[in-house]
Amino acid sequence: MKLDQSFYTRSSVTQIAKELLGKIIYTQFDGILTGGIITETEAYEGITDRASHAYNNRRTDRTEIMYSNGGVAYVYLCYGVHHLFNFITNHKGIPHAVLLRSIHPIEGIPAMEERTAKKFSKKGFTDGPGKLSKALSIKTLHTGIDLTGNKIWLEDHGISIQHGDIISTPRIGVDYAGEDATLPYRFLIDIMGIKKPRQGGVRSLKPDLFT
DNA sequence: CGGCCGATCCACT
DNA sequence: GTGGATCGGCCGA
């Protein structure tokens with residue numbers, strides 16, 4: 001079942017970030033379908049969040065899309081190299097976002113291997129925000145795209161994530177954010193169920209777990 | 001208009 | 001464990 005806009009327009013960005021775990025993200029460009037199970041997200045809580053690009057109600061050409069009604073993409077370039085994908089949430093004027101940090105591939109794996117020049121069997125295939133964007137062919141030009149359309153969308157396949165299986169930690173790479181750098185706004189499912197990961201993330205997803 | 005630097009990744013030691 | 005890649009956005013002058 002495809003997720004509709006009402007999933008994104010709710011007011012709790014942390015709740016949405018947690019509910020995204022276990023959902024399936026798909027992209028289809030030039031007839032090539034790729035997709036994976038979302039296993040890690042981060043919430044960015046708008047104008048009060050020092051880690052957010054929209055902190056203090058800042059509006060620039062880049063961040064303007066964050067003020068849209070929920071259900072569109074915000075993709076920006078990081079370190080001059082990586083295209084980082086965000087779900088825009090909440091209502092128009094409230095610039096909440098969820099960064100997608102990791103997926104577990106389930107669809108179009110050969111295409112993803114070609115795009116990333118890496119093999120799925122190798123550890124660390126799509127376990128990072130830059131890498132998964134490359135695998136799904138998401139680029140900055142997709143900023144503003146409708147997340148309920150036919151190029152990028154989400155589906156609920158009935159994967160049930162227990163509350164107790166969600167690990168939360170501080171967000172990665174936001175040391176500049178002062179007190180807000182310690183907020184537990186990073187959410188992930190530790191598929192191995194072994195231990196809380198250190199910063200840097202879970203690198204031990206079992207390829208066959210969801211198949 | 002110039003300079004700084006990041007919501008990262010990978011090669012190399 | 002560390003440093004280089006790489007460039008658009010952002011800010012101050």
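Order of the sequence lines fixes the chain letters, A, B, ..., with proteins taken first and strands second; residue numbering starts at 1 for each chain. Keep in mind that this is a model prediction, so the values were computed, not measured.
One interatomic measurement links the two molecules: CZ of A/Phe125 to P of B/dC10, which rounds to 11 Å at whole-angstrom precision. The distance between atom CG of A/Asp175 and atom P of B/dT8, rounded to the nearest whole Å, is 10 Å. Rounded to an integer number of Å, the gap from A/Leu77 CG to B/dC5 C1' is 13 Å. Atom OH of A/Tyr79 and atom P of C/dC10 are 16 Å apart (whole Å). Atom-to-atom, CG of A/Leu132 to P of B/dC9 comes out at 8 Å; the value is rounded to the nearest Å. Straight-line distance from the CG atom of A/Asp127 to the C1' atom of B/dA7: 16 Å, rounded to whole Å. Atom CZ in A/Arg171 sits roughly 16 Å away from atom P in B/dG6 (whole-Å rounding). One atom, CD of A/Glu40, and another, C1' of B/dC9, lie 14 Å apart when rounded to the nearest Å.
Spacing of C1' atoms, C/dG1 relative to B/dA7, comes out at 22 Å, to the nearest Å.
In this structure, A/Arg10 is positioned above the aromatic face of A/Phe7, its NZ or CZ under 6.0 Å from the six-membered ring centre and within 45° of the axis.
Under 4.0 angstrom from either OP1 or OP2 of B/dT8 there lies no side-chain N or O belonging to A/Lys134. Contact annotation: A/Arg101 side-chain N/O to B/dT8 OP1/OP2 distance is under 4.0 Å.
Within the nucleic acid shown, A/Lys118 comes within 4.0 Å of sugar-phosphate atoms alone, with no base atom in reach, counting heavy atoms only.
Residues A/Ile103 and A/Leu136 have side chains in contact (heavy-atom distance under 4.5 Å, counting atoms from C-beta outward).
Near DNA chain B, meaning a heavy atom under 4.0 Å away, the residues from residues 52-64 of chain A are A/His53. The stretch residues 80-99 of chain A comes close to DNA chain C through A/Gly80, A/Val81, each having a heavy atom under 4.0 Å from the strand.
Annotated stems with DNA chain C as a participant read B:1-6 with C:7-12, B:8-12 with C:1-5, given as range with range, by first number; only runs of 3 or more Watson-Crick or G-U pairs under 3.5 Å qualify.
Side chains of A/Glu45 and A/Tyr185: a donor-acceptor N/O pair is present below 3.5 angstrom, by distance only.
In this structure, A/Ser68 and A/Val72 approach most closely via the heavy-atom pair CB-CG2, 4.0 Å. Across A/Tyr44 and A/Val13, no two heavy atoms sit closer than the pair O-CG2, 4.2 Å. In terms of heavy atoms, A/Ser133 sits closest to A/Leu84 at OG-CA, 4.2 Å. Of all heavy-atom pairs between A/Arg115 and A/Ala135, the closest is NH1-O, 2.8 Å.
A side-chain contact (heavy atoms from CB on, under 4.5 Å) with A/Thr41 is found for one member of A/Val98, A/Ile166, A/Asn86 and no other, namely A/Val98. A salt bridge (charged side-chain N to carboxylate O under 4.0 Å, His left out) with A/Glu40 is found for exactly one of A/Arg101, A/Arg171, A/Lys131, A/Lys18, namely A/Arg101.
The aromatic rings of A/His104 and A/Phe120 sit perpendicular, their planes meeting at an angle over 60°, well past the 30° parallel limit. Ring geometry for A/Tyr74 versus A/His53: interplanar angle over 60°, hence perpendicular rather than tilted (30 to 60°).
A stacked arrangement is not assigned to A/Tyr176 and the six-membered base ring of B/dG6, the conditions of a centre distance below 5.5 Å and an interplanar angle below 30° not being jointly met.
Atom CG of A/Asn56 has more than 12 neighbouring heavy atoms from other residues, nucleotides or ligands inside a 6.0 Å radius.
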